[in-house]
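What you are looking at is a predicted structure, and each value in this text was computed from that prediction instead of being measured. Letters A, B, ... mirror the listed sequences (proteins, then strands); counts begin at 1.
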Amino acid sequence: VFLHNRLIGIYGRCGSVSDACAVFDAIRRKDCYSWHAMITAYARSGNPEAARRVFDQMPVWDVVSWNSILGAFVRAGFLAEAERIFDSMPERNLVSWNSIAAAHAQQGNWLDSKRIFDSMPGRDLVSWNTMIDCYTQNSQLANANMEFDLMPERNLVSWNAILSAYTRDGQVDIAEAIFKEMPQHDLISWTVLLVCFSQNNKLTEAKKVFETMPERDLIAWNALLSANALSGHLEKTSVLFNSMNEKDVVSWTIMVTMFAQNFSLEEALIIFNQMPMRNLVSWTSLISAYAVKGYLSEAKNLFNQLPQKDLVAWNTMLNAYYVNGLMHELKQFFDQIPGKNLISWNAALSAFAAIGHVYQAKKLFETMPERD
RNA sequence: UCCUCUGUAGCUUU
């Protein structure tokens with residue numbers, strides 16, 4: 001059982017749910033570790049409903065079982081359901097509280113995260129680190145920084161989190177200073193620094209980080225690829241891409257996106273058609289490629305065929321109407337978007353503003369649930 | 001051997 005449970009965990013982590021499931025089914029005497037590992041495997045694959053089916057079949061539940069199913073819904077971004085689970089838990093520990101705090105931040109409610117953080121029965125290092133990340137995700141650098149200063153102790157995760165905060169805010173010099181000041185570096189620290197340079201148009205420095213870092217994994221390679229793609233050197237980026245001996249769906253999507261953003265629909269399609277695996281992000285990237293080249297109906301067809309849609313996909317399609325000048329359809333589409341976020345509102349608002357429909361723009365501005 | 005924190009790809013800011 002011990003070995004089987006480990007296997008479920010390994011398969012879950014590398015995204016092979018079906019393999020995890022096969023191992024799980026083969027265990028005759030399942031213990032709670034088996035059940036929890038299987039729930040988490042489904043959670044990691046983005047399938048909280050499957051996770052719930054496993055949860056429902058368990059003979060007994062403990063706090064880890066509840067945390068596992070809570071985590072499945074948090075990870076999938078289903079805040080309402082996560083809250084329902086949290087409220088109905090017979091017992092909670094710090095893990096439960098940390099999860100629900102992170103869930104609110106994911107949906108943009110960083111004030112709720114802070115409220116939870118302040119009212120939770122205790123705090124551990126993970127709580128503090130979570131709080132820094134809640135602020136970072138919501139572009140609240142000053143608050144992230146304050147929390148970092150206030151925390152009673154820090155580990156490498158805390159340092160990486162604050163490094164990310166400054167990176168996101170575009171404060172390259174401070175990020176560099178933090179990198180030098182931090183007590184240790186791991187692969188994550190190095191990659192964040194690379195991304196920091198990459199996202200602030202410093203390709204040379206980004207490359208230098210890549211060469212300097214003591215070890216490189218696929219994420220680091222993808223970050224370097226992305227740095228090249230962002231700089232607009234299509235040819236050089238393609239050479240790098242072809243030289244990579246390991247590629248995942250992210251690597252492929254970086255290429256599709258690069259061609260899309262440089263209006264090379266044909267090349268984006270060539271890459272897309274060669275992709276060995278695709279996900280929602282790759283499809284959305286292709287929709288964008290069609291849209292910016294004026295192929296709205298193709299974009300719309302792809303969108304309608306998506307097996308599942310997230311908010312980014314909806315917003316991409318919204319923008320497709322805008323760049324093709326179809327304001328009437330845009331308005332209708334906007335009204336259909338479930339759970340609009342600030343990006344949806346800003347996109348619609350700026351669309352009307354850009355074409356001089358001041359009245360419509362003003363009306364949207366006044367109706368917006370939040371503004372930045 | 002199970003649950004929560006940090007790194008890479010897609011959407012808005014004319």
Rounded to the Å, how far apart are [X] [atom1] and [N] [atom2]?
X: Asp169(A); N: U6(B); atom1: CG; atom2: C1'; answer: 17 Å
X: Met244(A); N: A9(B); atom1: CE; atom2: C1'; answer: 11 Å
X: Asp31(A); N: C2(B); atom1: CG; atom2: C1'; answer: 9 Å
X: Lys340(A); N: C11(B); atom1: NZ; atom2: P; answer: 20 Å
X: Leu163(A); N: U6(B); atom1: CG; atom2: C1'; answer: 9 Å
X: Trp97(A); N: U4(B); atom1: CH2; atom2: P; answer: 18 Å
X: Leu141(A); N: U6(B); atom1: CG; atom2: P; answer: 17 Å
X: Trp66(A); N: U4(B); atom1: CH2; atom2: P; answer: 17 Å

At under 4.0 Å between heavy atoms, what does [X] touch on the DNA or RNA strands: base, sugar-phosphate, or nothing?
X: Thr284(A); value: base
X: Leu225(A); value: nothing
X: Ala354(A); value: base
X: Thr191(A); value: base
X: Arg123(A); value: nothing
X: Gln199(A); value: sugar-phosphate
X: Arg44(A); value: sugar-phosphate
X: Asn279(A); value: base
X: Ser99(A); value: sugar-phosphate
X: Asp310(A); value: base
X: Ala37(A); value: sugar-phosphate
X: Leu286(A); value: nothing

The side chain of [X] lies closest to which of these nucleotides: [options]?
X: Thr253(A); options: G7(B), U6(B), A9(B); answer: A9(B)
X: Ile188(A); options: U4(B), U6(B), C3(B); answer: U6(B)
X: Ile343(A); options: U8(B), C11(B), C2(B); answer: C11(B)
X: Ile219(A); options: G10(B), U8(B), C5(B); answer: U8(B)
X: Val192(A); options: C11(B), C3(B), G7(B); answer: G7(B)
X: Ser164(A); options: C11(B), U6(B), U8(B); answer: U6(B)
X: Asp133(A); options: C11(B), U6(B), G7(B); answer: U6(B)
X: Val95(A); options: U8(B), G7(B), C3(B); answer: C3(B)
X: Val281(A); options: A9(B), C2(B), C5(B); answer: A9(B)
X: Val64(A); options: U8(B), C11(B), C2(B); answer: C2(B)

### Message
Parallel, tilted or perpendicular: which one describes the rings of Phe55(A) and Trp66(A), with boundaries at 30° and 60°?
### Response
perpendicular

### Query
Parallel, tilted or perpendicular: which fits the ring planes of Tyr290(A) and Tyr295(A), with parallel below 30° and perpendicular above 60°?
perpendicular

If you go through the side-chain atoms of [X], does one of them form a donor-acceptor pair with the base of [N] closer than 3.5 Å?
X: Asp186(A); N: G7(B); result: no
X: Asn222(A); N: U8(B); result: yes
X: Asp217(A); N: G7(B); result: yes

Taking only side-chain N and O atoms of [X], does any of them lie within less than 4.0 angstrom of OP1 or OP2 on [N]?
X: Arg6(A); N: C2(B); result: no
X: Asn319(A); N: U12(B); result: yes
X: Gln261(A); N: C11(B); result: yes

### Query
Under 5.5 Å between ring centres and under 30° between planes: does that hold for Phe2(A) against the base of U1(B)?
no

### Query
Between Gln107(A) and Asn109(A), is any side-chain donor less than 3.5 angstrom from a side-chain acceptor?
no

### Query
Do the side-chain N and O atoms of Asn129(A) and Asn98(A) include a donor-acceptor pair separated by under 3.5 angstrom?
no

### Query
Is the ring centre of Phe303(A) less than 6.0 Å from the ring centre of Trp283(A)?
no

### Query
Between Trp128(A) and Phe117(A), does the ring centre distance come in under 6.0 Å?
yes

### Cation-aromatic face contact Lys340(A)/Phe334(A), 6.0 Å, 45 degrees
yes

### Task
Starting from the C-alpha separation in whole Å, work towards a yes-or-no answer on ring pair (Phe, Tyr, Trp, His ring centres under 6.0 Å) for Trp190(A) and Phe210(A).
CA-CA 8 Å; Trp190(A) 284 98; Phe210(A) 186 79; over 10 Å; no

